[in-house]
2 protein chains.
Amino acid sequence: MSPKVSEAYKKEKKIDLLRAAKRVFINKGYTHATMQDVMDESGMSRGGLYSYFNHIDHLFMEVLQFEDQEDILFFEPSDEYPLWTQLTEWLRLQQKNIEGINNSLVRAKAEFFLTSNYARDKENYPYITERYDNIKNAIKGFIQKGIKQGEFQPILDPEHIVLYFISFIDGLMLDTFQLGSQKTDVKVQLTAFQFSLKAMLLPVGEK
Amino acid sequence: MSPKVSEAYKKEKKIDLLRAAKRVFINKGYTHATMQDVMDESGMSRGGLYSYFNHIDHLFMEVLQFEDQEDILFFEPSDEYPLWTQLTEWLRLQQKNIEGINNSLVRAKAEFFLTSNYARDKENYPYITERYDNIKNAIKGFIQKGIKQGEFQPILDPEHIVLYFISFIDGLMLDTFQLGSQKTDVKVQLTAFQFSLKAMLLPVGEK
DNA sequence: ATATTAAACGACATTGGTGTCGTTTTCAAT
DNA sequence: ATTGAAAACGACACCAATGTCGTTTAATAT
């Protein structure tokens, strides 16, 4: 009856595997990563690995969830600083983020979203859509808070600004991954974007 | 000595194959397309196909070149209309373009750029970089012409505006491919983008 | 110590695709 | 018609990766 090891042990082991898998996906991307790679990286045997994850898409999706928790938190508005300041701060952070894109899952994610049948089956796996909605709502909430506080006086529908926001960031990531950060000049693009945002949001107290 | 068929015949045959391949890549993307698919679609045998293209990356790159000729032409400025009018016209065209993204090579291209070793080997295959530079220069030339003619009075460095331009369009395409055009609301995003451009370029005679 | 149980192992059959190569077909020159 | 060249064919050997399953190992309860 009694299991050989504790639940905690299995949880730990699984997290080890996820970490190893993440390293593999960062190095090789999604398409070229194999279960064998994860076995090698983690030291786990074939049968062992398959007892935790029955195929690589499953594994990748678990890595994503493991990762995602952090991302949304970015757009929790704080009351300490003006929202516009928080926004520019966020953009500054993104610069570092995107410049270091080769050590992130960005490439693997893009590949996964483009190629995996799981990712592309919106009916049964609404993951991508939900993800998009989550980040959209986080940013929209942020802007709406700014409106309510009288800090922003947007010229365009906030919803539209948000969509535009996301497209730009996604495009910048994609291009930077492909061409390198000095080619795409991440910093100046983010400056141009900040300029656009200012023209759209008209934050008070900004010249 | 004499070849069995004319040069013209071989050229024709090759174009047939490229067309078939293009259909395959539009339907299946890059990663999931196989030489077998192209054989089926074109009716050509295995050996025959391989005598034209020795592997699928080669085939894809030829499809791209075949396709690319059109793309750059978009940004040949005409003297008939104000450049700003041409720009808004171009954006209007892009809307249709991006909304019909499922019948284009956009997905396959993105996959190829992300995953193919040929695409990612910048040293030996500078194709991507050249492509980016070409489109960049086309748009930059367009803007500079506007400056010279006194039609644009940009607030930011035109180079930066162009980089920003490309990122946004790429991001919009990617997101739209993944989520569908009603989800990303292509039209309003392009409107927002137009607004940004206006704020950056300050076209004369536009309120 | 011993028994029990499931975690971990790794050999194996299977799959899906690749690229080659000897053969067949077909066209055009004679 | 006959013949020679090369285009088109398709069987085949090969490879890389998958997922399974019977066996081994090791932690815990007794």
Side-chain angles (χ1 to χ4, degrees), chain A residues 1-21 23-25 27-63 108 111-112 115-120, chain B residues 1-21 23-25 27-63 108 111-112 115-120:
Chain A
M1 281 297 125
S2 57
K4 188 185 115 194
V5 298
S6 67
E7 279 307 306
Y9 170 89
K10 283 174 68 173
K11 266 260 150 49
E12 259 312 306
K13 201 82 203 185
K14 185 163 181 178
I15 289 181
D16 284 350
L17 290 173
L18 287 174
R19 278 198 235 279
R23 270 175 269 135
V24 169
F25 287 125
N27 286 329
K28 307 198 55 169
Y30 168 73
T31 310
H32 294 125
T34 68
M35 289 299 244
Q36 187 63 57
D37 292 325
V38 180
M39 290 166 220
D40 295 345
E41 180 72 27
S42 65
M44 171 71 75
S45 72
R46 180 157 221 91
L49 180 59
Y50 271 88
S51 76
Y52 284 90
F53 309 98
N54 39 25
H55 52 256
I56 202 156
D57 299 78
H58 177 193
L59 178 47
F60 188 75
M61 287 188 281
E62 294 235 24
V63 170
E111 287 179 57
F112 177 75
T115 66
S116 165
N117 290 325
Y118 290 88
R120 307 196 57 241
Chain B
M1 282 297 124
S2 57
K4 187 184 118 194
V5 298
S6 67
E7 277 309 302
Y9 171 88
K10 283 174 66 174
K11 267 259 146 52
E12 258 313 306
K13 201 83 204 185
K14 185 165 180 176
I15 289 179
D16 285 350
L17 291 174
L18 287 174
R19 278 198 235 279
R23 269 174 270 136
V24 169
F25 287 123
N27 286 330
K28 308 198 54 168
Y30 168 74
T31 311
H32 293 125
T34 68
M35 288 299 245
Q36 188 63 57
D37 292 325
V38 180
M39 290 169 220
D40 295 345
E41 179 73 25
S42 65
M44 172 70 76
S45 70
R46 181 158 219 89
L49 179 58
Y50 271 87
S51 75
Y52 283 90
F53 309 99
N54 38 26
H55 52 256
I56 205 158
D57 300 78
H58 176 192
L59 178 47
F60 188 75
M61 286 188 279
E62 294 234 23
V63 170
E111 286 180 56
F112 177 75
T115 66
S116 164
N117 290 326
Y118 290 89
R120 308 196 59 239

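Throughout, a chain's letter reflects where its sequence line sits, starting with A, and its residues are numbered from 1.
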Novice: Could you state the NZ-C1' distance from B/K10 to C/dT26, rounded to the nearest angstrom?
Specialist: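 Taking NZ of B/K10 and C1' of C/dT26, I get 15 Å after rounding.
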Novice: Generate the contact string for nucleotides 9-14 of chain C. Rules: B means base contact, S means sugar-phosphate contact only, - means no protein heavy atom under 4.0 Å.
Specialist: BBB---
Novice: Rounded to the Å, how far apart are A/I56 CD1 and D/dA16 C1'?
Specialist: 13 Å
Novice: Counting distance only, does the side-chain N/O of A/E111 pair as donor-acceptor with the main-chain N or O of A/T31 below 3.5 Å?
Specialist: yes
Novice: Please state how far atom CZ in A/F53 lies from atom P in C/dA7, giving the value in whole angstrom units.
Specialist: 14 Å
Novice: Are OP1 or OP2 of D/dA7 and a side-chain N or O of B/K13 less than 4.0 angstrom apart?
Specialist: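 No.
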Novice: Indicate, with a heavy-atom threshold strictly under 4.0 Å, whether B/Y52 touches base, sugar-phosphate, or nothing.
Specialist: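 Counting heavy atoms under 4.0 Å across all strands, the contact made by B/Y52 is with sugar-phosphate only.
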Novice: Would you say A/D40's side chain and A/D37's backbone share a donor-acceptor pair under 3.5 angstrom?
Specialist: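 Here the side-chain-to-backbone pair does not exist.
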Novice: NZ/A/K13 to CE/A/M44 distance, rounded to the nearest 0.5 angstrom?
Specialist: 4.5 Å
Novice: To the closest 0.5 Å, what do you measure between OG (A/S116) and CG (A/D57)?
Specialist: 4.0 Å
Novice: Given atom NE2 of A/H58 and atom C1' of D/dG19, what is their separation to the nearest angstrom?
Specialist: 15 Å
Novice: For the pair made of CG in A/D16 and P in C/dA8, what is the distance, rounded to whole Å?
Specialist: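 Value for this atom pair: 10 Å.
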Novice: Select one nucleotide: of D/dA17, C/dT18, D/dG19, the one nearest the side-chain heavy atoms of B/Y50.
Specialist: C/dT18
Novice: Distance-only criterion, 3.5 Å: show the donor-acceptor pairs between side-chain atoms of residues 47-56 of chain A and protein atoms not counting sequence neighbours.
Specialist:
residue: A/S51; atom: OG; partner: A/G48; partner atom: O; Å: 2.6
residue: A/N54; atom: OD1; partner: A/H58; partner atom: ND1; Å: 2.9
residue: A/H55; atom: NE2; partner: A/Y118; partner atom: OH; Å: 3.2

Novice: Say you draw a straight line from CG of A/L17 to NZ of A/K14; how long is it, rounded to the nearest 0.5 Å?
Specialist: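 A/L17 CG to A/K14 NZ: 9.5 Å, rounded to 0.5 Å.
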Novice: Take atom CG of B/D40 and atom P of C/dG17, then tell me their distance rounded to the nearest Å.
Specialist: 11 Å
Novice: Figure out the CE/C1' separation between A/M35 and D/dA17, and round it to whole Å.
Specialist: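 From A/M35 CE to D/dA17 C1': 11 Å.
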Novice: Distance check needed: C/dC21 C1' versus B/N54 CG, whole Å only.
Specialist: 16 Å
Novice: Just how far is it from atom NE2 of B/H32 to atom CZ of A/R120, taken to the nearest 0.5 Å?
Specialist: 8.5 Å
